[in-house]
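The next block holds one structure in the form of structure tokens; read it before the comments.
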Amino acid sequence: MPWKLRKYTDRLIIHCAATPPSMDIGVKTINRWHKQRGWKGVGYHKILRRNGEIENGRPLDVYGAHARRYNGRSIGICLIGGVQEGDHKKTEANYTSTQWQSLERLIRNLMDRFPGVKVIGHKEVSQTACPCFDVTSWASTLQAS
Ligand SMILES: [Zn+2]
């Protein structure tokens, strides 16, 4: 089955992997997890590793599998991390400084590429804590600078 192209893109949706800080995973692992869910592999378009490296998931212009009702209009970005070490039920924005830097660079890049796009967190469109921080206020500082 070929990838389905999105007709438009008006949201960048930020997620987390809900993994503890010590878990250094990337697109390969998430690809395996999402295949186990019966999807066509990784549902995100970009993955930000603990070391700040940006990995490619799905091609940027196709449907993702990351946010119900929004997959046809958004790009999904996943930060590795998001839960406490030793207690996976406790969420926290435990991203590394290089991840924050990469996220900023990536979002600025995508905002240039998709003019007018809105940056939101998964929790704004779904019953979830993901990505465990207030994306709207983070993104507003980004736009001001
Ligand atoms: Zn999410």
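We count residues from 1, following the sequence as given. Atoms within a ligand are numbered from 1 in the order they appear, just like the ligands themselves. The figures that follow rest on heavy atoms only: side chains count, while hydrogens, waters and symmetry mates do not.
Of all heavy-atom pairs spanning V125 and R69, the tightest one is O-NH2, 3.6 Å. R49 approaches Q99 most closely through the heavy-atom pair O-CG, 2.9 Å. Smallest separation of non-hydrogen atoms from K123 and T128: CB-O, 2.9 Å. Across I77 and L110, no two heavy atoms sit closer than the pair CD1-CD1, 3.9 Å.
The distance cut-off of 2.8 Å around the Zn ion (ligand 1) captures these protein N, O or S atoms, sorted by chain and number: H15 ND1, H122 ND1, C130 SG.
Test C132, P21, S102 against Y95 for side chain to side chain contact (heavy atoms under 4.5 Å, CB included) and you get one pass: C132.
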Could you walk me through whether H45 and H66 pass the side chain to side chain contact (heavy atoms under 4.5 Å, CB included) test, one step at a time?
-> CA-CA 9 Å; H45 299 87; H66 59 90; 4.1 Å; yes
